[in-house]
Amino acid sequence: MRDEFVEAVLSAVESIPAGQVASYGDIAEFVGAGGPRQVGSVMSHYGGAVCWWRVVRADGRPADGLLDRALALLAEDGAPIRNGRVVMREARWHGPV
């Protein structure tokens with residue numbers, strides 16, 4: 001995986017404000033490269049130092065294995081959560097302005 005892609009993904013994730021989220025596909029679109037799986041790979045290998053919990057699946061569910069911790073952090077952020085998912089229509093970040 002190219003360093004430029006990794007840095008672009010991590011920078012985009014760091015830009016997501018508290019209370020908002022982006023899907024893996026959103027991040028790929030923002031950086032103009034890769035897709036949801038590539039972004040997921042970056043997050044799983046390098047995302048520990050950024051606000052990883054603000055990146056969710058397109059349906060609002062956090063990544064498997066991190067569900068409870070991610071939901072707790074998202075709740076602290078003030079993200080709207082219903083039935084274990086972020087309400088995407090209310091919380092989706094639309095990228096840098």
Side-chain angles (χ1 to χ4, degrees):
M1 194 165 307
R2 292 190 356 243
D3 289 343
E4 298 85 19
F5 179 68
V6 171
E7 290 300 320
V9 167
L10 297 177
S11 179
V13 172
E14 286 181 328
S15 299
I16 303 170
Q20 295 184 1
V21 297
S23 72
Y24 294 96
D26 292 340
I27 298 296
E29 191 173 312
F30 296 144
V31 302
R37 289 179 189 254
Q38 290 79 17
V39 170
S41 181
V42 169
M43 294 305 295
S44 71
H45 289 95
Y46 307 102
V50 297
C51 50
W52 55 266
W53 58 93
R54 295 181 186 155
V55 182
V56 297
R57 293 180 176 131
D59 67 359
R61 289 182 300 144
D64 291 336
L66 300 170
L67 182 66
D68 293 336
R69 184 154 184 235
L71 288 174
L73 290 166
L74 287 162
E76 280 182 33
D77 275 357
I81 299 169
R82 288 192 197 103
N83 300 319
R85 297 175 188 219
V86 175
V87 181
M88 294 298 285
R89 71 179 178 278
E90 294 176 24
R92 180 174 251 138
W93 179 61
H94 296 286
V97 179

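The figures that follow rest on heavy atoms only: side chains count, while hydrogens, waters and symmetry mates do not.
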- prompt: Does any non-hydrogen side-chain atom of Trp53 lie less than 4.5 Å from one of Asp77?
  reply: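 They are in side-chain contact.
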message: Assess the residue pair Val9 and Tyr46 against the criterion (side chain to side chain contact (heavy atoms under 4.5 Å, CB included)); give the C-alpha distance rounded to whole Å, side-chain angles, the decisive distance to 0.1 Å, and a yes or no.
response: CA-CA 10 Å; Val9 167; Tyr46 307 102; over 6 Å; no
Please round to the nearest 0.5 Å and tell me the distance separating atom [atom1] of [X] and atom [atom2] of [Y].
X     : Y     : atom1 : atom2 : answer
Ile16 : Arg92 : CD1   : CZ    : 11.0 Å
Leu73 : Asp68 : CG    : CG    : 11.0 Å
Met88 : Gln20 : CE    : CD    : 10.5 Å
Leu10 : Met43 : CG    : CE    : 6.5 Å

message: Test of understanding: clusters of I, L, V, M, F, W, Y form through side-chain heavy atoms closer than 4.5 Å, transitively. Do Val21 and Val87 belong to the same one?
response: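 No, Val21 does not connect to Val87 through the hydrophobic network.
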Residue pair [X] / [Y]: nearest heavy atoms and the distance that separates them:
X     : Y     : answer
Ile27 : Trp93 : CD1-CZ3, 4.4 Å
Pro62 : Ala70 : CB-CB, 3.6 Å
Tyr24 : Val39 : O-CG2, 3.6 Å
Gly84 : Leu71 : O-CD2, 3.8 Å
Gly19 : Ala91 : O-CB, 3.8 Å
Trp52 : Val13 : N-CG1, 4.5 Å

query: Is it true that atom CD of Glu29 has more than 12 heavy atoms of other residues, nucleotides or ligands lying nearer than 6.0 Å?
result: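 Open: at most 12 neighbouring heavy atoms sit under 6.0 Å from CD of Glu29.
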field: N-O pairing of Arg61 and Asp59 below 4.0 Å
entry: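 Salt bridge between Arg61 and Asp59, a charged N being under 4.0 Å from a carboxylate O: yes.
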message: Test your reading of the model: is there a side-chain donor-acceptor pair from Glu7 to the backbone of Glu4, 3.5 Å cut-off?
response: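 No, because the side chain of Glu7 does not come within donor-acceptor range (under 3.5 Å) of the backbone of Glu4.
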